[in-house]
Amino acid sequence: MKNIALIGFMGTGKSTVANCLNSKFSMEIIEMDKLIEEREDMKISEIFREKGEEYFRGLETQLLIELQSKENVVISCGGGAAMRACNVEAMKKNGRIVLLTATPETILSRVKDNTDRPLLRGNMNISYIRQLMDERRPKYEAAADVIVSTDDKTVLQICEEILEKILEMDEQNV
Ligand code: S3P
């Protein structure tokens with residue numbers, strides 16, 4: 001099976017969904033942010049603060065290129081990873097791209113107590129989230145093979161919907 005790249009705004013549930021695909025459906029997962037933190041031995045917020053956002057974006061691109069050679073893995077991407085065309089190209093090389101969505105209200109309720117999202121520091125409010133989401137939406141939607149909304153659903157329902165939609169896609173391509 002091809003890889004599954006989970007993309008979408010911060011707080012759309014990419015990591016939670018990836019963990020569920022791992023535990024319930026035995027799929028191997030790669031959490032981009034976590035791997036970057038391990039390799040750099042720094043938290044994402046420290047990388048942004050000490051080395052800058054561009055440096056972090058370079059690490060994301062490097063990692064996605066490296067992951068092209070993998071198979072059967074779920075890649076939980078950072079929320080900004082789908083903004084660069086070359087990243088999307090790398091995701092598509094060997095995988096399906098699944099976009100997770102949620103309303104700004106849902107996002108805020110999920111991320112409000114988290115302090116390791118540098119882009120939301122001092123911006124933890126609906127209007128900022130809505131604005132950044134509106135800016136990013138065209139690129140998210142253009143990249144996606146499959147779109148799944150996560151509002152008011154259980155994580156298991158979301159995983160089942162993802163797998164169903166991917167299967168449908170595969171059948172249509174036969
Ligand atoms: C970012 C999202 C974060 C992380 C970094 C930048 C973004 O990942 O990669 O803080 O640009 O949207 P999550 O989407 O997992 O929060």
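When a ligand or atom number is given, it counts from 1 through the structure's own listing order.
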* Has Arg136 got any heavy atom lying under 4.0 angstrom from an atom of ligand 1? -> yes
* Under 3.5 Å between some N or O of ligand 1 and some N or O of Gly79? -> yes
* Check ligand 1 against Phe56 and write out every atom of the ligand that is under 4.0 Å from a heavy-atom position of the residue. => 9 (O)
* Asked: Taking only residues two or more places apart in sequence or in another chain, which ones pass salt bridge (Lys or Arg N to Asp or Glu O under 4.0 Å) with Glu168?
  -> none
* Please write down residue, atom name and distance for the protein heavy atom closest to atom 14 (O) of ligand 1. => Lys14 NZ, 2.7 Å
* Does Arg84 come within less than 4.0 Å of Glu54, counting only side-chain N to carboxylate O? -> yes
* Taking side chain as C-beta onward, heavy atoms only, is Tyr128 less than 4.5 Å from Leu120? -> yes
* Numbering as shown, the atoms of ligand 1 that approach Arg117 to under 4.0 Å (heavy-atom distance) -> 16 (O)
* **From Met32, Met83, Arg57 - option closest to atom 11 (O) of ligand 1 by heavy atom** => Arg57
* Report yes if the side chains of Val155 and Val17 come closer than 4.5 Å at any heavy-atom pair, otherwise no. => yes
* In chain order, what residues pass the ring-ring contact (aromatic ring centres under 6.0 Å, His included) check against Phe48, with sequence neighbours excluded? -> Phe56
* Heavy-atom nearest neighbour in the protein, as seen from atom 8 (O) of ligand 1, with distance rounded to 0.1 Å -> Asp33 OD2, 2.8 Å
* Just go through Ser45, Gly80, Gly13 and tell me whose heavy atom is the nearest to atom 7 (C) of ligand 1. => Gly80
* Note, Val74 side chain near Ile30 side chain (heavy atom, < 4.5 Å) -> no
* Residue Ile44 vicinity, atoms of ligand 1 by number, heavy atom under 4.0 Å -> 5 (C), 10 (O)
* Asked: Does a donor on one side chain and an acceptor on the other come within less than 3.5 Å for Thr106 and Ser109?
  -> no
* Report, in ascending order of atom number, the atoms of ligand 1 lying under 4.0 Å from any heavy atom of Gly78. => 8 (O), 9 (O), 14 (O)
* If you measure only the distance, is there a donor-acceptor pair under 3.5 Å linking the side chains of Arg110 and Thr150? -> yes
* Asked: Nearest to atom 10 (O) of ligand 1, what protein heavy atom do you find, and at what distance?
  -> Pro118 CD, 3.6 Å
* Structure fact -> Under 4.0 Å between heavy atoms, the region of Leu119 that gets near ligand 1 turns out to be side chain
